[in-house]
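Every heavy atom of this structure was used, including side-chain atoms; hydrogens, water molecules and symmetry mates were not. Both ligands and their constituent atoms are indexed starting at 1 by order of listing. Being a predicted model, the structure only gives us computed values, none of them experimental.
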Amino acid sequence: MKCANCGNTDHRTLIDEGDTYYCSICCHRTLVATGKDDLITCPFCRRLRDRKAAYCMWCNIPINAQSDFSEKELKDLDAQIKRFEDKLDSSNIRFWKLKDKRGEI
Ligand SMILES: [Zn+2]
Ligand SMILES: [Zn+2]
């Protein structure tokens with residue numbers, strides 16, 4: 001087992017969830033089948049988010065939330081997250097690798 005995000009291989013901090021394992025160091029899930037990050041594109045902020053997590057790690061919106069946000073609200077959200085991204089440095093292992101990555105809708 002190896003975390004696809006931070007490279008952690010310590011079994012004590014990698015939690016077996018069946019089809020995925022959860023890294024308690026960086027809070028990312030890795031797919032057992034592929035050894036890759038278990039991520040999907042967030043429909044709200046367009047960042048890559050944990051497929052199994054109830055809330056997006058970037059915008060904090062639940063995956064099954066009603067998408068009744070206006071264009072302006074989503075733009076404001078994007079600007080807020082961009083400011084956060086600008087402040088990220090490599091010590092922030094939870095977000096660092098996902099910085100500047102965008103998924104397709
Ligand atoms: Zn990790
Ligand atoms: Zn999001």
For this session: Indicate if the distance from the Zn ion (ligand 1) to the nearest N, O or S atom of Cys23 falls below 2.8 Å.
Result: yes

For this session: Using a cut-off of strictly less than 2.8 Å, determine whether Cys27 has an N/O/S atom near the Zn ion (ligand 1).
Result: no

For this session: Ignoring hydrogens and angles, state whether a donor on the side chain of Thr30 or Asp37 is under 3.5 Å from an acceptor on the partner side chain.
Result: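 The answer is no; no qualifying pair exists.
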
For this session: Compute the angle centred on the Zn ion (ligand 1) spanning SG of Cys6 and SG of Cys3, and express it rounded to 10 degrees.
Result: 110°

Problem set entry | Ring centers of Trp58, Phe44 separated by less than 6.0 Å | no

Exercise. Going hydrophobic residue to hydrophobic residue with side-chain gaps under 4.5 angstrom, can you get from Phe95 over to Ile61?
Worked result: yes

For this session: Using a 4.5 Å cut-off on heavy atoms from C-beta on, say whether the side chain of Ile63 contacts that of Arg49.
Result: yes

Problem set entry | Cys45 SG and Cys59 SG subtending at the Zn ion (ligand 2) (10° steps) |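 SG of Cys59 and SG of Cys45 make an angle of 120° at the Zn ion (ligand 2), to the nearest 10°.
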
